[in-house]
Protein chains: 2
Amino acid sequence: MKVTISDIAKKAGVSKSTVSRILNGNYGQNTKDTVDKVLKVIKELDYRPNALAQSLKSMKTNVIGIILSNLKNPFWARVLEGVEDTCRKNGYNLMICNSNEDELLEEEHIKAFLMRQVDGIIINATVKNDHLYKRLIDQKFPFVTINRKIPGLDIDLVTMDNVAGSMAGVEHLIGQGKNSIALFVYPQENVSPRLDRIEGYMKALISNGIEIDHSLIHVVEEKQGRVKEAVKKLLSTTNRPDAIFSTNNMMTLEILEGIKEMGLNVPKDISLVGYDETVWSMHLNPPLTTVYQPSYDMGELAAKRVIELIEKTGDLQPITHILQPNLIIRESCGTKKEEFISE
Amino acid sequence: MKVTISDIAKKAGVSKSTVSRILNGNYGQNTKDTVDKVLKVIKELDYRPNALAQSLKSMKTNVIGIILSNLKNPFWARVLEGVEDTCRKNGYNLMICNSNEDELLEEEHIKAFLMRQVDGIIINATVKNDHLYKRLIDQKFPFVTINRKIPGLDIDLVTMDNVAGSMAGVEHLIGQGKNSIALFVYPQENVSPRLDRIEGYMKALISNGIEIDHSLIHVVEEKQGRVKEAVKKLLSTTNRPDAIFSTNNMMTLEILEGIKEMGLNVPKDISLVGYDETVWSMHLNPPLTTVYQPSYDMGELAAKRVIELIEKTGDLQPITHILQPNLIIRESCGTKKEEFISE
DNA sequence: GTGAAAGCGCTAACAC
DNA sequence: GTGTTAGCGCTTTCAC
């Protein structure tokens with residue numbers, strides 16, 4: 001059924017090696033006659049080499065594995081596009097897995113990737129499998145982390161400057177005259193982007209001489225309606241804040257709803273800045289001021305780096321690549337004109 | 001460096017065949033002693049078989065390839081999740097490619113998948129490579145299309161009932177007393193979902209005794225701002241329509257903006273129904289009535305089907321699986337309460 | 001109960 | 001210039 005190199009060799013009346021040579025462009029040494037003959041048979045039989053056999057021989061698959069945890073979030077879908085484009089342009093195929101933030105699944109996926117002999121792995125780590133990550137880098141396996149820093153391990157990383165992003169958002173609010181700024185974050189995950197955003201919030205306040213009021217920091221569970229509840233409770237206090245800084249794009253939508261249900265107006269009664277620009281941010285009412293993160297670039301850079309690790313000889317020192325977010329100013333803090341503050 | 005089956009055999013003092021048997025659970029015939037010994041060495045050396053070699057031998061990779069065209073759209077991200085989950089549960093890995101609606105890229109990807117010996121392919125086809133699709137099904141290669149029907153070819157398909165979805169949306173508008181309903185669609189792609197949505201629109205009108213006014217059908221390019229422009233122009237006419245039916249989730253956002261810029265109110269001045277429920281639909285102002293499509297299910301079913309084609313013997317006849325959309329009624333057509341009209 | 005050997009499809013070192 | 005051969009890591013038939 002399937003046509004192999006032997007079939008070509010037989011039909012062309014040459015040996016497998018000759019076919020292989022011609023296949024791989026080592027024409028130089030062959031008669032034009034042979035080359036033409038072989039090429040013709042290849043065309044005729046529509047022969048395509050079995051990548052499995054090639055890979056087994058060469059111990060290189062030209063496959064990169066990526067493990068993500070939440071494709072639903074457009075941020076990650078965009079990262080994936082960056083990775084995929086870059087892989088394709090460089091002759092690699094992409095194998096994708098979803099860890100769903102589950103460390104057992106993550107382990108399973110990493111092991112499966114290794115068995116499949118992928119050339120490299122890109123991962124948004126759960127940060128709960130340190131022994132595994134460590135083993136990979138100890139073996140000099142091409143391994144690049146994205147978004148989350150893994151504390152205590154020196155691994156290639158492409159991430160965002162979350163402190164800066166957070167500071168930009170909060171300082172914009174301060175610049176608009178706000179000084180009672182509530183912060184909303186999800187709980188649990190003690191991962192760097194979350195911690196850095198909290199840090200950025202605090203830094204912005206401190207460097208502007210505003211005292212940190214811990215009652216304004218709201219850690220709210222990621223369950224349906226919890227954020228809205230918390231917002232409504234917050235806004236019904238006598239001295240309600242004059243601004244909210246949201247650290248997540250889904251969360252922002254719920255905050256908006258809570259504000260609306262309290263009969264309050266953005267930005268007249270309260271200002272709002274969201275984290276993560278999305279396709280819908282500009283279409284909300286009012287158009288939302290958000291922190292844009294170059295997600296496609298993150299994917300692209302991570303893919304480039306893992307390919308570099310695969311193809312370069314000698315061991316490269318781990319590099320951390322930090323991308324800068326931009327604040328996109330719209331109307332949710334009282335400003336009218338839409339503009340970009342660039343890096 | 002890498003540990004192979006020979007290493008295990010040597011260290012355990014047995015032959016490769018014995019190790020292989022034990023590895024694959026053919027314990028029955030072996031001494032408990034041998035089994036324990038081998039298992040112990042495997043643990044010690046953290047041996048994991050090379051999937052490449054296994055696949056080359058068995059001619060089965062347990063890899064499924066998927067070709068999509070637009071991950072940015074949350075609809076597709078969700079489909080991908082359904083596919084990925086299902087693959088994982090069934091012991092398959094997923095290889096993903098982006099065709100970007102480009103038939104040359106699509107061809108390249110299909111060929112790469114075949115060279116890599118993937119066990120099956122799922123595709124949202126550009127519908128421009130009929131000869132390729134045909135060749136696959138002629139060879140009985142496990143091949144499942146999603147979303148778009150390929151005219152003239154009898155291929156397994158998992159798709160949505162776009163006629164019904166469109167009808168449900170338009171009939172809801174009619175039920176609210178609207179009888180001048182504008183339709184917005186993107187041009188070019190003569191693909192079944194688009195055509196079916198247009199058909200649904202017409203059917204709904206006809207079956208309700210409303211004459212089709214072709215000046216209300218707007219085919220607008222997918223370029224930044226074009227839709228908004230068209231909406232504004234439409235709404236500045238003397239006898240403007242009393243409702244708009246949008247056939248795409250991105251388009252809907254622009255329509256809303258156009259309406260807003262004209263100083264009009266939804267639903268007071270004009271009603272709006274959007275196609276494709278999204279995370280943000282309920283947070284728009286007003287909360288949007290939309291046609292929900294079970295995208296995760298589509299992914300899941302497509303994956304299940306391709307696995308069935310891979311694992312079942314004998315040739316199965318192509319099946320078309322049509323999923324039913326639901327209309328989610330919110331406030332953009334004058335209704336207040338949010339409710340689900342189920343299938 | 002276990003081992004030897006062939007072979008999956010390909011590449012490359014070596015011979016002529 | 002081209003063919004022969006060995007081998008990538010694994011499975012499996014066939015001996016013993």
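Within every chain, numbering begins at 1; the chains are lettered A, B, ... in the order of the sequence lines, protein sequences first and strands thereafter. The basis for the numbers below is simple: all heavy atoms, side chains too, and nothing from hydrogens, waters or symmetry mates.
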Atom pair distance, as rounded to whole Å: CG in A:N50 and P in D:dC8
18 Å
State whether A:S15 places a side-chain N or O below 4.0 Å from either non-bridging phosphate oxygen (OP1 or OP2) of D:dG3.
yes
Using atom CD1 of A:I5 as one end and atom C1' of D:dT2 as the other, report the distance to the nearest whole Å.
14 Å
Do any side-chain nitrogens or oxygens of B:N24 fall under 4.0 Å of OP1 or OP2 in D:dT11?
yes
Kindly say if A:Q54 contacts the phosphate of C:dG9, meaning a side-chain N or O under 4.0 Å from OP1 or OP2.
no
DNA chain C nearest-nucleotide lookup for B:V14 and A:Y47: closer to the 5′ end is B:V14
Please check if the side chain of B:H321 supplies one atom and the backbone of B:L301 the other of a donor-acceptor pair under 3.5 Å.
no
Hey, is the side chain of B:T31 poking within less than 4.0 Å of OP1 or OP2 on C:dT2, counting only N and O atoms?
yes
Could a donor-acceptor pair under 3.5 angstrom be found where the side chain of B:R21 meets the base of C:dG1?
no
May I ask you to check whether A:N100 and A:S69 show a side-chain donor-acceptor distance below 3.5 Å?
no
I need the NZ-P distance between B:K2 and D:dG9, as an integer number of Å.
9 Å
Could you check how far NZ of B:K32 sits from P of C:dT2, rounded to whole Å?
13 Å
With no hydrogens and no angle check, do the side chains of A:R116 and B:N93 hold a donor and an acceptor under 3.5 Å apart?
yes
B:K134 vs B:D138, salt bridge (Lys or Arg N to Asp or Glu O under 4.0 Å): CA-CA, chis, key distance, verdict:
CA-CA 6 Å; B:K134 184 158 177 355; B:D138 284 351; 2.9 Å; yes
Is the phosphate of C:dT2 approached by B:T34 (side-chain N or O, under 4.0 Å from OP1 or OP2)?
yes
Between A:N30 and D:dT2, does any side-chain N or O lie under 4.0 Å from OP1 or OP2?
yes
Check the distance between D:dG9's P and B:M59's CE and give it to me in whole angstrom.
19 Å
What is the distance, to the nearest angstrom, from the CD1 atom on B:I22 to the C1' atom on C:dG1?
10 Å
If you take atom types as modelled and just measure distance, does the side chain of A:S17 reach the base of D:dT4 with a donor-acceptor pair under 3.5 Å?
yes
Just to verify, which of B:E107, B:E106, B:R148, B:E103 counts as forming a side-chain hydrogen bond (donor to acceptor under 3.5 Å, both in side chains) with B:T126?
B:E106
note: A:L56, atom CG; C:dC8, atom P; distance rounded to Å ~ 13 Å
Interatomic distance, A:K16 NZ vs D:dT2 P [rounded to whole Å]:
18 Å
Would you say B:S20 reaches D:dT11's phosphate, i.e. side-chain N/O to OP1/OP2 under 4.0 Å?
yes
